[in-house]
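To find a chain, count down the sequence lines: A is the first, B the second, and so on, and within it residues start at 1.
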2 protein chains.
Amino acid sequence: MKNVTIKDVANIVGVSYSTVSRALSGSPEISEETRARIVEVCRQMNYTPNTVARAMVKKNTMLLGLILTDINNPFMSELAYYVDRQAHEHGYNILLSNSSKDKDQEREIFELMVGHQVDGIILCPCGPESSEALTQLTKRVPTVFFGENLREIPESYISVDNFRGGEMGTEYLYGLGHRNILYFGKRRNSTTHQLRADGYENACKKLGITPHYFNNTFNSTSIQNGYLMAKQLFSEKPEFTAIFASTDTNALGIMKAAEEAGIRIPEDISLLGFDNIRDASLPRIDLTTIEQPMKLLSSVAMDCLFQKIQNEQSGYSHRILYPNLVERSSCRKID
Amino acid sequence: MKNVTIKDVANIVGVSYSTVSRALSGSPEISEETRARIVEVCRQMNYTPNTVARAMVKKNTMLLGLILTDINNPFMSELAYYVDRQAHEHGYNILLSNSSKDKDQEREIFELMVGHQVDGIILCPCGPESSEALTQLTKRVPTVFFGENLREIPESYISVDNFRGGEMGTEYLYGLGHRNILYFGKRRNSTTHQLRADGYENACKKLGITPHYFNNTFNSTSIQNGYLMAKQLFSEKPEFTAIFASTDTNALGIMKAAEEAGIRIPEDISLLGFDNIRDASLPRIDLTTIEQPMKLLSSVAMDCLFQKIQNEQSGYSHRILYPNLVERSSCRKID
DNA sequence: CTTCTTCCCGCAATCGTTTGCGTAAAAACA
DNA sequence: TGTTTTTACGCAAACGATTGCGGGAAGAAG
């Protein structure tokens with residue numbers, strides 16, 4: 001199990017180990033002849049440079065931290081996928097972990113990662129207040145926040161325009177003829193959802209219809225919870241013709257409850273989601289939704305992070321990207 | 001950005017830095033009084049030990065590599081979730097990457113990870129032949145393979161009993177009255193799928209029905225590819241009453257094609273999947289399937305890995321777990 | 001008062017690299 | 001041939017921790 005080191009190959013070749021180091025790093029001060037010999041011996045002994053030792057002197061580990069709330073969320077795993085790809089293109093590896101939406105875990109993981117000397121961190125915050133404890137930590141390593149519009153935080157973040165998405169969805173349903181639109185999902189405890197709801201409300205005002213909310217204080221976006229709440233919703237006589245769900249996972253739960261209640265989508269009620277997770281495009285699901293352009297978002301996030309890593313003192317920047325409406329079959333025109 | 005080191009706190013406290021190290025690691029040779037002073041100063045300067053430096057001398061990085069084919073596959077993201085959790089419970093962090101089912105990338109990632117001196121690796125192999133290049137690499141770091149029954153490889157692996165799963169599904173459909181069952185999915189190029197198909201064939205033989213295959217040479221399990229192949233299948237007049245899909249993702253594609261072809265599931269055709277990915281439990285999908293017990297599988301894999309990490313020379317072991325049938329609504333009884 | 005323990009703590013080597021500096025040998029120049 | 005420049009490589013000091021060993025001071029034992 002003992003790994004072969006630079007000294008081992010130096011001994012075999014009969015040069016000093018600094019020569020080996022220089023030969024491998026492509027220094028011009030090494031003759032092509034000895035370089036060839038060194039490279040050959042390295043291959044034979046299959047020497048792999050010890051990145052850890054290198055990191056000690058070079059001051060960079062080529063490691064990027066990615067802190068998710070939950071890798072099982074398809075939204076997050078898509079992010080992980082793109083981040084991983086782009087990291088590797090730049091020679092970085094990613095250190096991944098899940099906070100499970102727990103602030104303490106989030107902080108712990110962050111500290112662990114700075115302990116591992118990661119060169120940068122992409123963090124999907126548990127909530128808007130997570131900043132309090134993190135605000136000092138982010139000073140110790142280049143960080144970009146992902147997915148939350150945290151305007152108060154003096155740190156870079158990337159996010160979709162949730163407010164505009166809320167408006168956009170409402171306008172779309174209005175255009176389809178809906179005048180009685182229910183907004184389904186939590187409003188507090190997360191800037192993201194607050195903004196989506198605000199966008200909805202603002203659009204309602206502009207369009208001259210009255211906003212209706214359900215599930216205002218709810219604090220989980222899982223399918224199961226969406227289902228439970230929707231069940232309760234459908235047990236009361238619903239007055240509306242369309243539901244605007246604050247997340248696709250919630251919409252999935254609504255779909256399940258609707259099915260059980262004998263409510264057809266879109267015939268009886270139109271359903272609009274938000275996020276465009278992969279599941280939304282599944283057969284039979286086919287959910288119309290407001291898309292977060294994940295590929296673009298993650299690409300922008302990585303660019304932002306790499307910039308921070310290079311010019312250490314670049315301050316921060318906020319990038320808010322435009323959402324798209326993805327039309328499928330869960331909403332219908334009414335008159 | 002300069003991190004505070006053990007020497008910095010030693011200077012402040014007025015002791016040697018070895019004393020600080022011992023105080024922090026809980027050595028009994030340090031008086032409680034100086035330890036308290038040291039701890040306090042560490043807190044004030046918020047010192048975080050440099051894991052990289054520690055790794056150099058302690059010979060372990062507390063890093064575990066996890067090589068997936070694709071984190072976007074819900075099956076894989078579930079694995080990642082459990083692995084991450086258990087790793088953290090043992091004080092490890094995970095280094096994640098995707099091979100995209102490409103052998104060269106797989107090898108590259110593996111090498112990168114040994115460069116980073118990970119203490120162990122969990123690898124979801126691209127295919128059964130991936131062993132050729134990896135067989136040397138696995139000697140350099142404790143490794144366990146996940147998800148493939150690679151009986152020829154002298155390395156530990158964890159997998160569900162794919163053969164038994166193939167049998168189980170076939171028997172289930174037979175029990176429902178089906179005599180004309182089509183096996184849908186690739187057979188070659190992957191031991192996993194070969195075994196599933198073999199299980200199907202074996203059960204057919206035992207039950208006295210003739211096996212039928214579709215899509216034998218196909219080499220991708222994505223929804224889209226399942227859809228395309230199923231489209232072709234349905235354009236010919238199908239003779240069977242049930243389809244046993246080799247993966248849930250394939251089943252999802254079949255579902256989509258069936259919908260378009262006006263074929264109802266389960267009224268016209270019963271559909272059985274394999275894996276029990278999260279999507280299978282979605283409303284409207286509700287796919288009956290053979291489950292891989294992911295939580296258990298990953299737990300066993302981690303235990304196995306930790307064992308190998310401890311007694312370096314423990315050889316290998318193969319753990320094949322029993323699959324479960326998860327009954328939902330995509331299969332119906334016929335007569 | 002001397003000697004031996006015991007208790008704390010410091011010195012210095014080590015882990016595997018990178019890199020500034022110094023210096024022989026070879027090449028170029030006078 | 002003597003001097004300078006270039007080429008090619010070695011020496012040794014970092015990087016930030018851990019840890020075996022040695023030793024001074026205080027207290028106990030003689």
Side-chain angles (χ1 to χ4, degrees), chain A residues 1-39 41-42 45-63 91 112 114-119 140-141, chain B residues 1-39 41-42 45-63 91 112 114-119 140-141:
Chain A
M1 281 301 193
K2 184 86 177 63
N3 275 320
V4 7
T5 77
I6 211 171
K7 295 191 182 179
D8 298 327
V9 338
N11 282 335
I12 301 286
V13 181
V15 294
S16 82
Y17 57 90
S18 47
T19 302
V20 177
S21 172
R22 274 186 258 262
L24 261 30
S25 64
S27 164
E29 314 190 301
I30 303 295
S31 74
E32 275 314 315
E33 189 222 325
T34 51
R35 186 197 308 282
R37 263 167 51 221
I38 288 172
V39 168
V41 172
C42 283
M45 307 177 72
N46 55 31
Y47 161 78
T48 309
N50 185 323
T51 315
V52 173
R54 176 180 306 174
M56 281 226 50
V57 18
K58 301 257 279 190
K59 299 291 192 185
N60 58 323
T61 51
M62 300 311 278
L63 247 35
L112 246 156
V114 327
H116 276 287
Q117 312 296 117
V118 296
D119 296 336
R140 306 182 56 179
V141 51
Chain B
M1 283 299 192
K2 185 85 179 61
N3 275 321
V4 8
T5 78
I6 210 171
K7 295 191 184 180
D8 297 328
V9 339
N11 283 335
I12 301 286
V13 181
V15 294
S16 82
Y17 57 90
S18 48
T19 301
V20 177
S21 172
R22 274 187 256 262
L24 261 30
S25 64
S27 164
E29 312 189 305
I30 303 295
S31 72
E32 276 312 316
E33 190 223 323
T34 52
R35 187 198 309 282
R37 263 167 51 221
I38 288 171
V39 169
V41 171
C42 282
M45 307 177 72
N46 54 31
Y47 161 77
T48 309
N50 185 325
T51 314
V52 173
R54 174 180 307 174
M56 282 226 53
V57 18
K58 301 258 275 190
K59 298 292 190 187
N60 60 323
T61 50
M62 301 309 279
L63 249 34
L112 245 155
V114 326
H116 276 286
Q117 312 296 116
V118 294
D119 296 335
R140 308 182 55 178
V141 52

### Query
Which pairs pass side-chain hydrogen bond (donor to acceptor under 3.5 Å, both in side chains) with one or both residues in residues 48-60 of chain A, sequence neighbours excluded?
A:Thr48-B:Arg140
### Query
Of all nucleotides in DNA chain C with an atom under 4.0 Å from a non-hydrogen atom of chain A, which is the first and which the last going 5' to 3'?
C:dG16 to C:dG20
#### Entry: Smallest separation among heavy atoms of B:Met62 and B:Asp119, with atom names
N-OD2, 2.7 Å
#### Entry: For the student: nearest non-hydrogen atoms of A:Thr61 and A:Val118, plus distance
OG1-CA, 3.7 Å
### Task
Indicate, with a heavy-atom threshold strictly under 4.0 Å, whether B:Lys59 touches base, sugar-phosphate, or nothing.
sugar-phosphate
Can you list the residues that meet the side chain to side chain donor-acceptor pair (under 3.5 Å) rule with [X], with sequence neighbours excluded?
| X | answer |
| --- | --- |
| B:Glu33 | none |
| A:Thr34 | A:Ser31 |
| A:Arg37 | none |

### Query
Which value, rounded to the nearest 0.5 Å, describes the distance between A:Ser18 atom OG and A:Ile6 atom CD1?
8.5 Å
### Query
Roughly how far, to the nearest 0.5 Å, is CD of B:Gln117 from CE of B:Met56?
8.5 Å
### Query
Quick one, which residues of residues 9-19 of chain A touch DNA chain C with a heavy atom under 4.0 Å?
A:Tyr17, A:Ser18
### Neighbours of DNA chain C within residues 47-58 of chain B, by heavy-atom distance under 4.0 Å
B:Met56, B:Val57
### Query
Near DNA chain D, under 4.0 Å by heavy atom, which residues of residues 24-36 of chain B?
none
### Query
Which residues pass the side chain to side chain contact (heavy atoms under 4.5 Å, CB included) test with A:Val4, sequence neighbours left out?
A:Asp8, A:Val9, A:Met45, A:Tyr47
Please tabulate, for side-chain N and O atoms in residues 19-27 of chain B, each donor-acceptor pair with protein atoms closer than 3.5 Å (sequence neighbours left out).
{"from": "B:Thr19", "atom 1": "OG1", "to": "B:Ser16", "atom 2": "OG", "distance (Å)": "3.2"}
{"from": "B:Ser25", "atom 1": "OG", "to": "B:Ser21", "atom 2": "O", "distance (Å)": "3.2"}
{"from": "B:Ser25", "atom 1": "OG", "to": "B:Arg22", "atom 2": "O", "distance (Å)": "3.2"}
{"from": "B:Ser27", "atom 1": "OG", "to": "B:Glu29", "atom 2": "N", "distance (Å)": "3.3"}

### Query
For the helix from C:dC1-D:dG30 to C:dA30-D:dT1, what is the angle between the axes at its two ends, each from 5 pairs, rounded to 10°?
60°
### Message
Reading DNA chain D in the 5' to 3' direction, which nucleotide is the first one with an atom under 4.0 Å from a heavy atom of chain A, and which is the last?
### Response
D:dA8 to D:dG16
